[in-house]
Engineer: 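Could you have a look at this structure, given as structure tokens, before my questions?
Note that the numbering runs from 1 along the sequence shown for the chain. A quick note: this is a predicted structure, and the numbers were derived from the prediction, not measured.
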Amino acid sequence: MNKSGVYQQGLTPSKAPMEQDVESPAIIIRKPKLPKQSYEDLPKQLVDQVRAKRKIQRYVRKDGKCNVHHGNVQETYRYLTDIFTTLVDLKWRFNLFIFVLVYTVTWLLFGFAWWLIAYVRGDLEHIGDNQWTPCVNNLNGFVSAFLFSIETETTIGYGYRVITDQCPEGILLLLIQSVLGSIVNAFMVGCMFVKISQPKKRAETLVFSTNAVISVRDGRLCLMFRVGDLRNSHIVEASIRAKLIKSKQTKEGEFIPLNQTDMNVGYDTGDDRLFLVSPLIICHEINQNSPFWEISQAHLDKEDLEIVVILEGMVEATGMTCQARSSYVTTEIKWGYRFMPVLTLEDGFYEVDYNSFHDIHETNTPSCSARELAEINCRIRLPFSWSVASKLSQQGMLEPEGREKKRTTLVTQEEGLEEQTERNGDIANIESESKV
């Protein structure tokens, strides 16, 4: 920030990238914001108002498009080295414009070449002369040369304008135009075919739930979201992945913006490979290897993070690989909720109700982190004496001096018991000897 209170564009450790506006200019004026530490000192209602006003910056939008713009690219020639992919990636209006432009330019160039041959040979000066053999019959100007170029390259062949065998330069030009025309056709038609058959639109019928939820499943906290396919033609070899996008700072002080961390959604057990016939709930178990291991409900509300989910597979109709993406920011992760069931059994078939696809309902869920929940469950399984001792130890109720005194007392009591046992044994021996 300079003296006038203007913030320069950039990513700094003190300001997370997710807090920036989507369409922020290079230099913008912002009002001073409260630091994150001060949120804890404010009332909960005021904290919610402050966070509601703050605009969340997405790394991947809900429709799957990546919210990243490449700027200051100096080596622009690299786009031309892969001209085919560059043309395919262009928007439709530019692609159609280039398609029409390439054909028009080639027709004009070869039309000019045919007119030039007729002009040099003097065919234009002997129009209507039956004794003169022109290079191309009935070519009397540039317009007719342009039409002959179109007929040659598109192999229309009306039969009115035709090349004669008395023009070797015309025969050579005919060969060149035929070969180059075939190359242009293959390139442009191939480009249009690939662009039309791109599976991007297939991803429009792969839907993700609006919210992700956190609740208990089989005694463990799990983060879940739902995916579904609206088409009857299925996605073959479908697989799901999830990544946590969150800025971090290393122990050495290095700031890593938008750090990506893998989230296990069944890679070890094979649950990440889906048979996506009906909507499925994807589950991420929050264990020691999960980035949510130490995050509680209260902590989650203060986090600036984003979960990016990626669904991949082959389109059954075309065999091309399709990828659908979506994301969930902090406000879209609902703690203590589950998804409503959408699958019902009808007379001879199963029916999916997509009206309830995004619906969730509240359920009893502990607000502590998965680590604290695991510790509580571990204490419950231990004997009572162990759990009480560990509870007292954690709460600091047993001071070091008190513990030493207690240990000394226990040792003294044990020694007294041993001496008493020895004495009892001696008395028993004396009594037995006296009887004898």
Engineer: Verify side chain to side chain contact (heavy atoms under 4.5 Å, CB included) between N95 and I98, making sure each step is shown before the conclusion.
Structural biologist: CA-CA 5 Å; N95 205 296; I98 293 175; 5.9 Å; no
Engineer: Testing the basics here: between D229 and T205, what is the closest heavy-atom pair and its distance to 0.1 Å?
Structural biologist: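 Where D229 meets T205 most closely, the heavy atoms are OD1-O, 3.4 Å.
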Engineer: Applying side chain to side chain contact (heavy atoms under 4.5 Å, CB included), run through W114 and L173 and close with a yes or a no.
Structural biologist: CA-CA 8 Å; W114 287 113; L173 182 61; 3.6 Å; yes
Engineer: Does any part of the side chain of P291, heavy atoms only, come nearer than 4.5 Å to the side chain of W293, both counted from C-beta?
Structural biologist: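 The answer is no, as the side chains (C-beta and beyond) never meet within the 4.5 Å cut-off.
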Engineer: How far apart are the closest heavy atoms of C322 and A203, and which atoms are they?
Structural biologist: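 Minimum heavy-atom contact is SG-N, 3.9 Å.
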Engineer: Between the side chain of E332 and the main-chain N/O of V329, is any donor-acceptor distance below 3.5 Å?
Structural biologist: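 Such a contact is found between E332 side chain and V329 backbone.
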Engineer: Would you say L300 and I333 make side-chain contact, with heavy atoms under 4.5 Å?
Structural biologist: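 Side-chain contact under 4.5 Å: yes.
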Engineer: How long is the straight-line distance from SG of C191 back to CZ of F99, given to the nearest 0.5 Å?
Structural biologist: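 So the gap between those two atoms works out to 9.0 Å.
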Engineer: Flag yes if more than 12 heavy atoms outside F187 fall under 6.0 Å of its CZ atom; otherwise flag no.
Structural biologist: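 Buried by this count: over 12 neighbours within 6.0 Å.
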Engineer: Can E303 and K246 be counted as an ion pair, charged N to O under 4.0 angstrom?
Structural biologist: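 Yes, charged N to carboxylate O under 4.0 Å.
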Engineer: List the steps and the verdict of side-chain hydrogen bond (donor to acceptor under 3.5 Å, both in side chains) for Y103 and N185.
Structural biologist: CA-CA 9 Å; Y103 276 107; N185 288 334; 2.6 Å; yes
Engineer: Please round to the nearest 0.5 Å and tell me the distance separating atom CG of L101 and atom CZ of F94.
Structural biologist: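 If I round to the nearest 0.5 Å, the distance is 13.5 Å.
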Engineer: Can you check whether T331's main-chain N or O pairs, donor with acceptor, with K334's side chain at less than 3.5 Å?
Structural biologist: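 Checked: pair present.
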Engineer: Stepwise, does the side-chain hydrogen bond (donor to acceptor under 3.5 Å, both in side chains) test hold for S296 with E372?
Structural biologist: CA-CA 9 Å; S296 62; E372 296 172 347; 5.8 Å; no
Engineer: Would one find more than 12 heavy atoms of other residues, nucleotides or ligands at under 6.0 Å from atom CD of E346?
Structural biologist: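 Atom CD in E346 is packed in, count exceeds 12.
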Engineer: Does Y267 have more than 12 heavy atoms from other residues, nucleotides or ligands lying within 6.0 Å of its OH?
Structural biologist: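 No.
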Engineer: Are any of the side-chain heavy atoms of T152 and L174 separated by less than 4.5 Å?
Structural biologist: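 T152 vs L174: side chains touch.
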Engineer: Quick one: are I196 and W92 in side-chain contact, heavy atoms under 4.5 Å?
Structural biologist: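 A side-chain contact exists here, since the closest heavy-atom pair is under 4.5 Å.
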Engineer: Could you tell me if H284 and S290 have a donor-acceptor pair between their side chains, going purely by distance under 3.5 Å?
Structural biologist: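 Per modelled atom types, S290 and H284 side chains form a pair under 3.5 Å.
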Engineer: Could you tell me which non-hydrogen atom of C283 sits nearest to which non-hydrogen atom of R217, and how far apart they are?
Structural biologist: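 That closest heavy-atom pairing would be CB-NH1, 3.8 Å.
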Engineer: Is it true that T321 and E312 share a donor-acceptor pair across their side chains at a distance under 3.5 Å?
Structural biologist: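 Absent: no donor and acceptor within the cut-off.
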Engineer: State the CD-CG distance between Q249 and N259, to the nearest 0.5 angstrom.
Structural biologist: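 Here the interatomic distance stands at 12.5 Å.
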Engineer: Are more than 12 heavy atoms, taken from residues, nucleotides or ligands other than R231, located less than 6.0 Å from that residue's CZ atom?
Structural biologist: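 No - once you tally the heavy atoms of other residues, nucleotides and ligands closer than 6.0 Å, there are 12 at most.
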Engineer: So, do F292 and M263 sit near enough that their side-chain heavy atoms are less than 4.5 Å apart?
Structural biologist: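 Yes - at least one pair of side-chain heavy atoms lies under 4.5 Å apart.
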Engineer: Please check if the side chain of E316 supplies one atom and the backbone of H234 the other of a donor-acceptor pair under 3.5 Å.
Structural biologist: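 Yes, the answer is positive, given that a donor and an acceptor are paired below the 3.5 Å cut-off.
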Engineer: For V227 versus F357, what's the shortest heavy-atom pair and its separation?
Structural biologist: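 The pair with the smallest heavy-atom distance is C-CZ, 3.8 Å.
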Engineer: What is the distance from atom CG of N287 to atom CG of N264, rounded to the nearest 0.5 Å?
Structural biologist: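 That separation rounds to 7.5 Å.
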Engineer: Step through the shown structure and confirm whether more than 12 heavy atoms of other residues, nucleotides or ligands are within 6.0 Å of CZ on R161.
Structural biologist: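 Enclosed.
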Engineer: Evaluate side chain to side chain contact (heavy atoms under 4.5 Å, CB included) for R226 paired with V342, printing each intermediate quantity in order.
Structural biologist: CA-CA 11 Å; R226 180 182 273 166; V342 296; 3.3 Å; yes
Engineer: Check step by step if side-chain hydrogen bond (donor to acceptor under 3.5 Å, both in side chains) holds for S327 and R58.
Structural biologist: CA-CA 8 Å; S327 68; R58 288 183 178 274; 2.8 Å; yes
Engineer: Does any part of the side chain of L311, heavy atoms only, come nearer than 4.5 Å to the side chain of Q323, both counted from C-beta?
Structural biologist: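 A side-chain contact under 4.5 Å is absent here.
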Engineer: Within the distance-only criterion (no hydrogens, no angle test), does the side chain of R202 pair as donor or acceptor with the backbone N or O of A324 below 3.5 angstrom?
Structural biologist: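 No, R202 side chain to A324 backbone: no donor-acceptor pair under 3.5 Å.
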Engineer: Please confirm whether the backbone N or O of N67 pairs with a side-chain atom of H69, one donor and one acceptor, at under 3.5 Å?
Structural biologist: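 Not a single qualifying donor-acceptor pair exists.
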Engineer: Answer yes or no: is there a side-chain heavy-atom contact under 4.5 Å between T344 and D353?
Structural biologist: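 T344 vs D353: side chains apart.
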Engineer: Flag the pair K243 and D262 as a salt bridge only when some basic side-chain nitrogen lies within less than 4.0 angstrom of an acidic carboxylate oxygen.
Structural biologist: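 Looking at D262 together with K243, the answer is yes, because their closest N to O distance falls below 4.0 Å.
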Engineer: Report the C-alpha separation of F255 and S247 in whole Å, then their side-chain angles, then the decisive distance to 0.1 Å, and conclude whether the side chain to side chain contact (heavy atoms under 4.5 Å, CB included) test is met.
Structural biologist: CA-CA 7 Å; F255 179 72; S247 301; 3.7 Å; yes
Engineer: Can you see which heavy atom on W107 is nearest to which on S149, and at what distance?
Structural biologist: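 Where W107 meets S149 most closely, the heavy atoms are O-OG, 3.0 Å.
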Engineer: On a heavy-atom basis, which atom in I245 and which in V308 lie closest, and how many Å separate them?
Structural biologist: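 Closest approach of I245 to V308, heavy atoms only: CG1-CG2, 3.6 Å.
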Engineer: Check whether any side-chain heavy atom of T106 lies under 4.5 Å from a side-chain heavy atom of E153, and answer yes or no.
Structural biologist: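 T106 vs E153: side chains touch.
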Engineer: With a 6.0 Å cut-off (strictly less than), is the heavy-atom count around CZ of F349, excluding the residue itself, greater than 12?
Structural biologist: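 Count over threshold, so yes.
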Engineer: Under 3.5 Å, is there a donor-acceptor pair between the T210 and H358 side chains?
Structural biologist: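 Yes - a donor-acceptor pair under 3.5 Å links their side chains.
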Engineer: With rounding to the nearest 0.5 Å, note down the distance linking CZ in R325 to OH in Y59.
Structural biologist: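 These two atoms lie 10.5 Å from each other.
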Engineer: Is W335 reaching over with its side chain to a backbone N or O of P366, donor-acceptor style, under 3.5 angstrom?
Structural biologist: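 Judged by distance alone, yes, a pair lies under 3.5 Å.
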Engineer: Assess whether atom CZ of F97 is packed by more than 12 heavy atoms of other residues, nucleotides or ligands within 6.0 Å.
Structural biologist: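 No, the 6.0 Å shell around CZ holds no more than 12 heavy atoms from other groups.
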Engineer: How many angstroms lie between CZ in F193 and CD in Q198, if you round to the nearest 0.5 Å?
Structural biologist: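 Going from the CZ atom of F193 to the CD atom of Q198 covers 11.5 Å.
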Engineer: In terms of relative ring orientation, are Y328 and F225 parallel, tilted or perpendicular, with 30° and 60° separating the classes?
Structural biologist: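 Plane angle between 30° and 60°, so tilted.
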